[in-house]
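Everything on this sheet refers to the single structure shown next.
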Amino acid sequence: MDHVAILALYDRDLREGAQPDSPDARVERVGRVVRQVSSSHGWNGVLWTDLDEASADAAIAEQIAHFTGLGREFEWKLYGHDAPADLGRRLSDAGFTAQPEETLMIGEAAGPVLDAEPPEGVRILPVTDAAGVDLVVEVHEKAFGTDSSRLRHQLLARLAADPDTVVAVVALADGTPVSAARMELVPGTRFAGLWGGGTVEAWRGRGIYRALVAHRARAAAERGYHYLQVDAMSTSRPILERLGFAPVTTTTPYLHLP
């Protein structure tokens, strides 16, 4: 896999040519910035920029004014190869708060990940309705310790409006939800994104995360998608590397509150 070429394709298709990630969102292209504007339940933020030292500060100020005017908190999704080189510092100086750095990893949907199966006693259940979404939310809150009301809203809206663009799954052990994840398919591109993979603490280290990656990889390959992309935390990066994913750059969310 040519990492430089894949990263350029990723930037073109998923950032510069981004599509809304929910029915109540829209993507706007304003000057050298591509941003998503959504409801208070959705994701608001900057997806792609083509900035330099002369234009960066004005662009930052414009985005702050725009989202503040809407009363929205928003995220500036900064990638390691974005210009100018000091864009992160400029965002911090403008009042953004940097979140933990993640690694953008990309793998082939039909790669070695396909052979991973869940451990004995665990079954993977497709999520297609509100009851299934509640199980995903239950796992997410237990695994990450965060409120998942926004996730519930987004997943229900996606399943209702455009079910062919999302694959959500939950792993059950004796009927108890112990792990969950989703995949977002981007029509017209070669990419499917893996999101929200989380396992409750008592069930970690047993291969469930790996099995959920494999399940979604098979679904992506069956639908004709070539690549899987993940914003990986440090805990999941080693697992993904063993499954054939490669790091191509870093990504750091910078948050701004209104």
Side-chain angles (χ1 to χ4, degrees), residues 1-11 13-15 18 21 43 45 47-48 75-82 88 98-116 118 124 136 139-140 142-146 148 151 154-155 166-171 178-186 189-201 203-221 225-255:
M1 186 167 61
D2 184 336
H3 294 180
V4 174
I6 292 297
L7 182 57
L9 185 65
Y10 174 90
D11 280 344
D13 287 355
L14 299 190
R15 300 183 66 205
D21 69 359
W43 185 86
L47 294 157
W48 177 87
E75 174 184 323
W76 190 300
K77 198 165 175 60
L78 178 67
Y79 288 79
H81 59 292
D82 286 347
Q99 305 302 297
E101 182 183 272
E102 300 171 334
T103 303
L104 174 63
M105 304 188 73
I106 294 178
E108 296 182 1
V113 68
L114 294 173
D115 63 1
I124 298 176
V136 171
V139 169
H140 197 270
K142 289 180 178 178
F144 299 111
T146 57
S148 297
L151 171 63
Q154 291 176 318
L155 191 48
V166 62
V167 174
V169 290
V170 61
V178 296
S179 187
R182 71 187 189 280
M183 175 172 66
E184 297 179 1
L185 306 165
V186 186
T189 77
R190 303 179 190 180
F191 291 94
L194 304 187
W195 302 97
T199 303
V200 300
E201 187 173 1
W203 284 86
R204 292 171 186 166
R206 306 192 192 191
I208 300 176
Y209 177 85
R210 175 188 174 97
L212 292 186
V213 172
H215 181 94
R216 289 174 289 167
R218 288 192 290 268
Y225 288 85
H226 293 92
Y227 301 111
L228 303 172
Q229 66 92 7
V230 187
D231 290 347
M233 296 184 293
S234 58
T235 51
S236 55
R237 174 173 172 169
I239 302 171
L240 292 166
E241 287 182 324
R242 291 194 292 271
L243 292 173
F245 286 76
V248 294
T249 189
T250 60
T251 177
T252 304
Y254 280 79
L255 300 184

Go through the steps to decide whether V248 and Q229 satisfy the test side-chain contact (heavy atoms from CB on, under 4.5 Å), and finish with yes or no. CA-CA 10 Å; V248 294; Q229 66 92 7; over 6 Å; no
Can you tell me how far the [atom1] atom of [X] sits from the [atom2] atom of [Y], to the nearest 0.5 Å?
{"X": "D11", "Y": "L47", "atom1": "CG", "atom2": "CG", "value": "11.0 Å"}
{"X": "D21", "Y": "W43", "atom1": "CG", "atom2": "CH2", "value": "7.5 Å"}
{"X": "I239", "Y": "R210", "atom1": "CD1", "atom2": "CZ", "value": "9.5 Å"}
{"X": "L255", "Y": "W76", "atom1": "CG", "atom2": "CH2", "value": "13.5 Å"}
{"X": "W48", "Y": "D82", "atom1": "CH2", "atom2": "CG", "value": "9.5 Å"}

Within the structure provided, determine whether [X] and [Y] are in side-chain contact (heavy-atom separation under 4.5 Å).
{"X": "T251", "Y": "L78", "answer": "no"}
{"X": "V213", "Y": "F245", "answer": "yes"}
{"X": "E102", "Y": "R237", "answer": "no"}
{"X": "R204", "Y": "T235", "answer": "no"}
{"X": "T199", "Y": "R206", "answer": "no"}
{"X": "Y254", "Y": "Q99", "answer": "no"}
{"X": "Y10", "Y": "T189", "answer": "no"}
{"X": "S179", "Y": "L212", "answer": "yes"}

Crowded around R15 CZ? As in, over 12 foreign heavy atoms under 6.0 Å? yes
Identify the heavy atoms of [X] and [Y] that sit nearest to each other, and give their distance.
{"X": "G198", "Y": "V139", "answer": "O-CG1, 3.5 Å"}
{"X": "L151", "Y": "R182", "answer": "CD1-NH1, 3.7 Å"}
{"X": "G80", "Y": "T249", "answer": "N-OG1, 3.5 Å"}
{"X": "H140", "Y": "S148", "answer": "ND1-OG, 2.8 Å"}
{"X": "L240", "Y": "A232", "answer": "CD1-CB, 3.7 Å"}
{"X": "A219", "Y": "M183", "answer": "CB-CE, 3.8 Å"}

Let's go through L7 and L104 carefully: what are the C-alpha distance in whole Å and the side-chain angles of both, what is the deciding distance for side-chain contact (heavy atoms from CB on, under 4.5 Å) to 0.1 Å, and is it a yes or a no? CA-CA 9 Å; L7 182 57; L104 174 63; 4.1 Å; yes
Would you mind telling me which of L9, I6, V230 makes a side chain to side chain contact (heavy atoms under 4.5 Å, CB included) with I106? I6
Do the rings of H81 and Y79 sit parallel, tilted or perpendicular, given the 30° and 60° boundaries? perpendicular
Between V136 and L155, does the side-chain contact (heavy atoms from CB on, under 4.5 Å) criterion hold? Intermediate values first, please. CA-CA 10 Å; V136 171; L155 191 48; 4.3 Å; yes
